[in-house]
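FYI, the numbering just counts along the sequence from 1.
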Amino acid sequence: MAFALPVWLALHDELLAPDSADTLDDFDDDALFQMFHLTRPCVAFVADAVRIRMKNAAFGSPAAADAAVMVALNYYAHGATSADVLQRLGPAGLADPPAAICTVSEVIAGMADQFISFPLLRDAKLHVAAKIKRACGIPHALGVLAPAHFRIRASPYEKETFRSFVNSLGYTTVVSQLICDSEGNVLSVEKCCVGGTREQEMWESSFKGREMEEELHGPYWVIGGKGYHLSKHVMTPVSEPANDMEIRFNEAHAKIHDVIRTTLGSMKRRFRCLMQLGFAQECSLDKKADIIKACCVLHNIAKKFSVPAPPAAGKIEPLHPGNQNSVPFNVNPEALQARQELIQRYFSNSKDPPSKANMGENP
């Protein structure tokens, strides 16, 4: 669950109000989905939530605040603001749409504390871990960890800066750290770094990484790919499986790790701005971070409203394989033993791991 049920119910009752109805009345349901890739109740919920947090201070009136939300949602859905949306907004239209998008993105990103929730209480941890175990057979996991790369444009004339944005596949990106559950809910999103940043470096400097490695979340781990170091709290695949047990473990690991791919694929279909975030400079990535976090918040809200993903448009790149560990590192012997014991206990027989139908949403 992306956020606690009592919080969801309280916000649902408070925010599903008629305040944004006038703005949305200009759109029929099909046009609304085409323009925002969200349904009418979902858009109304988001508009009211943003308006409450802005208190109209940024735009001067409720109508202008709603217009700003419509412009931002349209940008997230298509990577650009359509003239049709601006025309339909009429007198409530905005003189500076890019500034409105920045303001709304900052507000929605600030809603992450309510709509993006890593399991903290014992029951929540048990619930998330049980679902992951049912999906792939790996126990005691609180989520799936991966780097999320988003294409940007960087100036090739600023050679040193440009190089820092080039990821291991050779194109320019920014990268964030994502953790999601087995159903594709985003549980944590942190960082907005240049594309050349290694995921292990992000993990070690992230709030969630420090919390996990300092034992603040108890005897649990997250499931990470080959770009991470095996530790007491990051479960990586076996690099060179030597027997059937290790092969079965790696297959289970790959199945659950694929949830990140389907989640990012779904997000990039719904929020096509994530396919190309535009020009970026290393010294000013805060605006990109706000857009990425805002889209994660909206992704979780869309899942709560059971909003279908829009049809695929163009090719969505596969999950970034990560920076492979080219430099030898000392594996924690306790972590190595823990993984081996887990493999022997849960993957010693040939029972097929759960099917992909139990996990996430198909892209």
(request) Say whether, by atom type as modelled, one donor and one acceptor occur between the side chain of Lys287 and the main chain of Cys102 under 3.5 angstrom. (result) no
(request) Check whether the side chains of Ser105 and Tyr75 place a donor and an acceptor atom closer than 3.5 Å, and report yes or no. (result) no
(message) Just to verify, what does Phe36 make a ring-ring contact (aromatic ring centres under 6.0 Å, His included) with, not counting sequence neighbours?
(response) Phe27
(message) Distance check, rounded to the nearest 0.5 Å: Thr172 atom OG1 versus Ile152 atom CD1?
(response) 4.0 Å
(message) Check this for me: does any side-chain nitrogen of one of Asp181 and Lys131 sit under 4.0 Å from a carboxylate oxygen of the other?
(response) no
(message) Donor-acceptor pair, distance only, cut-off 3.5 Å: does the side chain of His233 make one with the backbone of Trp221?
(response) no
(request) Would you please say whether a donor-acceptor pair under 3.5 Å links the side chains of Ser188 and Gln177? (result) no
(request) Kindly write out the residues that satisfy salt bridge (charged side-chain N to carboxylate O under 4.0 Å, His left out) with Glu334, not counting sequence neighbours, or none if the list is empty. (result) Lys232
(message) Given 3.5 Å as the limit, does a donor-acceptor pair link the side chain of Lys125 with the main chain of His217, or not?
(response) yes
(request) With Lys208 as the cation and Phe118 as the aromatic partner, state whether NZ or CZ is under 6.0 Å from the six-membered ring centre and within 45° of the axis. (result) yes
(message) Within 45 degrees of the ring normal and closer than 6.0 Å to the centroid, is that where the cationic atom of Arg272 sits relative to Tyr76?
(response) no
(message) Is any side-chain heavy atom of Ile108 closer than 4.5 Å to one of Leu298?
(response) yes
(message) Quick check for you: to the nearest 0.5 Å, what is the distance between Phe150 atom CZ and Leu277 atom CG?
(response) 7.0 Å
(request) Kindly say whether Ala146 contributes a backbone atom to a donor-acceptor pair with the side chain of His257 at under 3.5 angstrom? (result) no
(request) Could you grab the distance from atom CE of Met202 to atom SG of Cys192, nearest 0.5 Å is fine? (result) 10.0 Å
(request) Give a yes or no on whether the backbone of Thr236 and the side-chain of Arg339 come within a donor-acceptor separation of less than 3.5 Å. (result) yes
(message) Distance check, rounded to the nearest 0.5 Å: Arg151 atom CZ versus Gln276 atom CD?
(response) 8.0 Å
(request) Consider only side-chain heavy atoms of I, L, V, M, F, W and Y, link residues closer than 4.5 Å, and tell whether Val238 and Leu342 are in one cluster. (result) yes
(request) Output yes when a side-chain donor or acceptor of Asn74 lies under 3.5 Å from a complementary backbone atom of Met35, and no otherwise. (result) yes
(message) Any donor-acceptor pair under 3.5 Å linking the side-chain atoms of Arg198 with those of Ser168?
(response) no
(request) Please say which of Ser205, Ser176, Ser206 ends up in a side-chain hydrogen bond (donor to acceptor under 3.5 Å, both in side chains) with Lys191. (result) Ser205
(message) With salt bridge (charged side-chain N to carboxylate O under 4.0 Å, His left out) as the rule and sequence neighbours excluded, what pairs involving residues 101-116 come up?
(response) none
(request) State whether Arg261 and Asp258 are salt-bridged, where the test is any N-O pair (Lys NZ or Arg NE/NH1/NH2 against Asp/Glu carboxylate O) under 4.0 Å. (result) yes
(request) Output the distance between atom NE2 (His127) and atom CG (Leu121), rounded to the nearest 0.5 Å. (result) 13.0 Å
(message) Any carboxylate oxygen within less than 4.0 angstrom of a Lys/Arg side-chain nitrogen, looking at Asp48 and Arg51?
(response) yes
(request) Calculate, to the nearest 0.5 Å, the distance between atoms CZ and CG belonging to Phe347 and Asn250 respectively. (result) 9.5 Å
(message) Under a 4.0 Å threshold between the charged nitrogen and the carboxylate oxygen, would Arg248 count as salt-bridged to Glu251?
(response) no
